[in-house]
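All residue numbers refer to positions in the sequence shown, counting from 1. Counting starts at 1 for both ligands and their atoms, following the listed order.
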Amino acid sequence: MATGNDVDVLVVGAGITGIYQLYRARDAGFSALLLEAGDGVGGTWYWNRYPGAQFDSESYTYGYLFSRELFDEWEWQEHFAHQPEIERYLNHVVDRFDLRRHIRFGAKVTSAVYDEPSGTWAVAAADGTEVRTRFLVAATGILSVPFFPDVPGRADFRGEQHHTGLWPSTPVDFAGKRVAVVGTGSSGVQLVPVVAENAASLTVYQRTPNWCTPLNNAPITEDEQARLREEFDAMCETLNTSAAGFLHLPHDRATFDDAEEERRAFFERMWDSPGFTKLTSNYTDLLFDPVANAEWCTFIAEKIRSIVQDPDTAEKLIPKDHRYGEHRPPFVTGYFEAFNLPNVSLVDVKRTPIERVTATGIETADGASQFDIIVWATGFDFGTGALTRMGIRGREGVALEDHWADGPTTFLGIQTAGFPNFFFPGGPHAAAGNNPRYNGDQVDFITDTLVYVRDNGYDTIEVDPAAEEKWTDMVDRWAEKPPSFGKSSYYFGANIPGKPRRYLLNAGGRPKLFREIDRVRENDYAAFRLSRSGSGETPPLPEAAAEAR
Ligand SMILES: Cc1cc2nc3c(=O)[nH]c(=O)nc-3n(C[C@H](O)[C@H](O)[C@H](O)COP(=O)(O)OP(=O)(O)OC[C@H]3O[C@@H](n4cnc5c(N)ncnc54)[C@H](O)[C@@H]3O)c2cc1C
């Protein structure tokens, strides 16, 4: 391998994906450094410290599984942990594996330029850090660039305003305050019940109601802790082989296989079940048959009407324009109940749009409301947001944001042609589901690939454009079909004005990824171009690999 680089592997992002990538790279014998924009470890769980922030994935299925000792020594307190515990966990992992000395905080990467003659990347960060690296791995997250809607006057507001994804580390005091929460996606619905309990008044500005169902969280009992340890291997087996990386197993019946009474009882069981079970273990035709989907939606609508006392508010909270599973379904604790409190009100901004933010509050067509605090729970520039803002320049100075002007194209959601030695686990074309499981699969594959490159005496690796085109076509084709999320969701970029409407996840899920990784290995990396930089020589492929290409 050519010399002259400061590190072999530069990881960007200290979230759950980047931490694991750092661990794996160092473990494989590479010199490695991680740059993180924030001042601490955790990624999502560092930035999203708003009250109520928590997992929708079961804690023990979300945490790392690579070390049995780590699993045994960390006892999650809740089935769905809250942010403080998750942040503590990720800090524990970093210290336990002595990774902190490889991390530089407060280092936001602003430029990463590929140098063709040496086959290395020159990376610069806003704090003045400059690093030359052989391999660049951007674990910069899919939900790491907060989005603010373009509402006039936002800068004029004289009270406090916060985005849920940029929450301050000093607690925000809602007691006795007049609070507005704008947005009712997964973050807004977690925050609302907590604010409702404390604030003098809470006004929730809702554009799109979501099909919310209960999270059904609970503390983990001592017996359950013991069982988790006993059943660790079986749990790993299920998680590692399940399509979405969850423990919840698929159901074996379709909606109308059951008579009405049985169906009702099944829906009740779903309603009482934990987290994503409602999506992963519901009737098999839920996401395929619109009539079946409507049946489940009718059940949820009845539940909302039975919880929310004011009929007009209840109707506003029931989605009318999209099916269950078209958007990412949020899971809630006390969300609908919060609207029964006398200090909580709901504004439907489709009917009465926000016209402007003023120095003292928010104006809609219905008039002005005064606030002390405005919270923007308005989501993120999903999938590509961080990568296209990092100043990444590949071969011939091509900007990643130009390369992806029509939406992302990737191979396995880990590489894109024209950007050698650059990888982005947990980025666009990651699978839907329990994130760390899928991102971890990608990190494992990337690390094995780096080892392959090193041990075979290569300097650069870059996906073949044909392989990328084939994978991206698969993603785009599958995205058109159920059970994909719908085009009105942020998974297609629909929440960002001007963003190309292209699928940002991998609609084939983990099974497709596993199959393709196997193929790559069987064909001796034929999907990639491998070369020795400096020599100007592209070594001939092994015969089998050449044929496979
Ligand atoms: C509120 C919330 C709840 C969620 N709940 C779940 C859940 O229950 N289950 C689930 O599976 N997923 C959940 N997610 C998705 C979550 O993002 C992933 O689970 C996971 O945290 C992603 O980890 P990551 O390491 O890939 O990215 P992140 O955790 O987003 O970390 C990326 C890091 O990269 C850094 N970074 C970005 N750009 C730069 C740059 N240019 N220079 C330096 N550093 C940079 C960021 O500061 C950030 O720290 C949730 C997301 C949110 C926002």
Side-chain angles (χ1 to χ4, degrees), residues 10-22 34-50 52-59 61-63 79-83 86-87 89-90 103-112 123-127 129 131 136-147 163-167 185-191 215 217 239 244-246 274-276 328 330-331 377 379-392 400 413 424-428 430-440 442-443 490 505:
L10 181 72
V11 182
V12 186
I16 193 157
T17 310
I19 295 168
Y20 184 47
Q21 181 64 76
L22 176 63
L34 188 154
L35 300 183
E36 164 57 50
D39 289 329
V41 162
T44 289
W45 306 107
Y46 169 85
W47 296 105
N48 292 262
R49 50 183 72 245
Y50 59 86
Q54 71 181 118
F55 280 151
D56 290 333
S57 300
E58 279 81 353
S59 313
T61 70
Y62 187 100
H79 284 279
F80 299 93
H82 281 79
Q83 180 272 337
I86 308 166
E87 192 185 12
Y89 169 77
L90 290 170
I103 304 178
R104 197 166 298 167
F105 294 107
K108 181 169 185 165
V109 173
T110 50
S111 142
V123 178
D127 69 340
T129 299
V131 185
L136 174 62
V137 185
T140 45
I142 35 176
L143 290 159
S144 56
V145 176
F147 170 70
H163 191 289
T164 49
L166 279 175
W167 204 259
S186 296
S187 298
V189 301
Q190 287 184 342
L191 175 74
L215 179 64
N217 192 16
L239 291 174
F246 285 110
F276 273 102
R328 195 265 203 206
F331 301 101
F380 300 86
D381 184 349
F382 182 84
T384 48
L387 291 171
T388 54
R389 285 171 173 82
M390 242 173 84
I392 296 169
L400 185 65
F424 40 87
N434 192 12
N435 264 262
R437 302 283 66 84
Y438 182 89
N439 299 350
Q442 290 182 311
V443 168
Y490 63 68
L505 290 170

(request) Determine yes or no for a side-chain-to-main-chain donor-acceptor pair under 3.5 angstrom, with Arg437 supplying the side chain and Thr61 the backbone. (result) yes
(request) Considering the heavy atoms of Gly13, write down every atom of ligand 1 situated less than 4.0 Å from one of them. (result) 33 (C), 34 (O), 35 (C)
(request) Answer yes when Arg104 and Asp127 have at least one side-chain N-carboxylate O distance shorter than 4.0 Å, and no when they do not. (result) no
(request) Verify, without hydrogens or angle tests, whether Gln442 (side chain) and Gly426 (backbone) share a donor-acceptor contact under 3.5 angstrom. (result) yes
(message) Using 0.5 Å steps for rounding, measure from the CG atom of Asn435 to the CD1 atom of Ile142.
(response) 4.5 Å
(request) Starting from atom 23 (O) of ligand 1, locate the nearest protein heavy atom and write down its residue, its atom name and how far away it is, to 0.1 Å. (result) Ile16 CG2, 3.6 Å
(message) I'd like the name of whichever of Asn439, Asn435, Val109, Thr44 reaches closest to atom 2 (C) of ligand 1 through any heavy atom.
(response) Thr44
(request) Please identify which atoms of ligand 1 are closer than 4.0 Å to at least one heavy atom of Gly433. (result) 11 (O)
(request) For residues Ser187 and Thr164, report the shortest heavy-atom separation together with the two atoms involved. (result) CB-OG1, 3.8 Å
(message) Yes or no: does Ala139 have any heavy atom under 4.0 Å from an atom of ligand 1?
(response) yes
(message) Suppose I only count heavy atoms of Leu143 and a 4.0 Å limit; which atoms of ligand 1 are within that range?
(response) 15 (C), 51 (C)
(request) Show which atoms of ligand 1 fall inside a sub-4.0 Å distance from at least one heavy-atom site of Trp47. (result) 46 (C), 47 (O), 48 (C), 49 (O)
(message) Below 4.0 Å, non-hydrogen atoms only: which portion of Asn434 touches ligand 1? Side chain, backbone, both or neither.
(response) both
(request) If you have a sec, work out which protein heavy atom is nearest atom 18 (C) of ligand 1 and how many Å separate them, to one decimal? (result) Tyr62 OH, 3.5 Å
(request) List the closest protein heavy-atom neighbour of atom 6 (C) of ligand 1: residue, atom name, distance to the nearest 0.1 Å. (result) Trp45 CZ2, 4.0 Å
(message) Please work out, at 4.0 Å between heavy atoms, whether the side chain, the backbone, both, or neither of Ala138 comes within that distance of ligand 1.
(response) neither
(message) Once you restrict to heavy atoms under 4.0 Å, what part of Trp167 touches ligand 1? Side chain, backbone, both or neither.
(response) neither
(message) Please list the nearest protein heavy atom to atom 27 (O) of ligand 1 with its residue and the distance rounded to 0.1 Å.
(response) Gly141 CA, 3.2 Å
(request) Around atom 24 (P) of ligand 1, find the nearest protein heavy atom and jot down its residue, atom name and distance. (result) Thr17 OG1, 3.3 Å
(message) Return the closest protein heavy atom for atom 7 (C) of ligand 1 as residue, atom name and distance.
(response) Ser57 OG, 3.6 Å
(request) Output the distance between atom CG (Leu387) and atom CD1 (Ile392), rounded to the nearest 0.5 Å. (result) 5.5 Å
(message) Quick check for you: to the nearest 0.5 Å, what is the distance between Phe147 atom CZ and Tyr490 atom OH?
(response) 14.0 Å
(request) Using a 4.0 Å heavy-atom threshold (strictly under), name the region of Ser186 that reaches ligand 1: side chain, backbone, both or neither. (result) neither
(message) Give me the residue, atom name and distance of the protein heavy atom closest to atom 44 (N) of ligand 1.
(response) Ala37 N, 3.0 Å
(message) Is Phe80 close enough to touch ligand 1? Criterion: a residue heavy atom under 4.0 Å from a ligand atom.
(response) no
(request) Return yes if some donor-acceptor pair links the side-chain N/O of Ser111 with the main-chain N/O of Ala124 below 3.5 Å, else return no. (result) no
(message) For Val11, run the side-chain contact (heavy atoms from CB on, under 4.5 Å) check against Thr140, Leu136, Leu34, Ile103 and tell me which one passes.
(response) Leu34
(request) Please could you name the atoms of ligand 1 that Ser144 approaches to less than 4.0 Å, counting only its heavy atoms? (result) 30 (O)
(request) If the plane angle is over 60° it's perpendicular, under 30° parallel, otherwise tilted; pick one for Tyr62 and Phe55. (result) tilted
(request) Run the contact test for Ala125 against ligand 1 with a 4.0 Å cut-off on heavy atoms, strictly below, and give the result. (result) no
(request) Out of Ile19, Asp56, Thr140, indicate the one that has the non-hydrogen atom closest to atom 39 (C) of ligand 1. (result) Thr140
(message) Taking Phe105's backbone N and O only, do any of them form a donor-acceptor pair with Glu36's side chain (distance below 3.5 Å, no angle check)?
(response) no
(request) Determine, using heavy atoms of Ile142 and all atoms of ligand 1, whether some pair is separated by less than 4.0 Å. (result) no
(request) Measure the distance from atom 49 (O) of ligand 1 to every protein heavy atom, then report the residue, atom name and distance (to 0.1 Å) of the closest one. (result) Glu36 OE1, 2.8 Å
(message) Closer than 4.0 Å to some heavy atom of Phe380 - which atoms of ligand 1 meet that?
(response) 53 (C)
(message) To check you understand the geometry: which heavy-atom pair defines the closest contact between Val189 and Pro330, and what is its length?
(response) CG2-CB, 3.7 Å
(request) Look only at the side chain of Arg389 and the backbone of Ala386, and say whether a donor-acceptor pair between them is shorter than 3.5 Å. (result) no
(request) Give, for atom CZ of Phe380 and atom OG of Ser186, the distance between the pair rounded to the nearest 0.5 Å. (result) 9.5 Å
(message) If the cut-off is 4.0 Å to any non-hydrogen atom of Tyr50, which atoms of ligand 1 fall inside it?
(response) 1 (C)
(request) Check Pro425 against Val443 and note the closest heavy-atom contact, atom names and distance. (result) CB-CG2, 4.0 Å
(message) I'd like to know whether ligand 1 has Tyr46 as a neighbour, heavy-atom separation below 4.0 Å.
(response) no
(message) List ligand 1 atoms under 4.0 Å from Met390, heavy atoms only on the residue side.
(response) 41 (N)
(message) For the backbone of Phe80 and the side chain of Asn217, can you confirm whether one donor and one acceptor N or O come within less than 3.5 Å of each other?
(response) yes
(message) With a cutoff of 4.0 Å, is Gly275 in contact with ligand 1, counting heavy atoms of the residue only?
(response) no
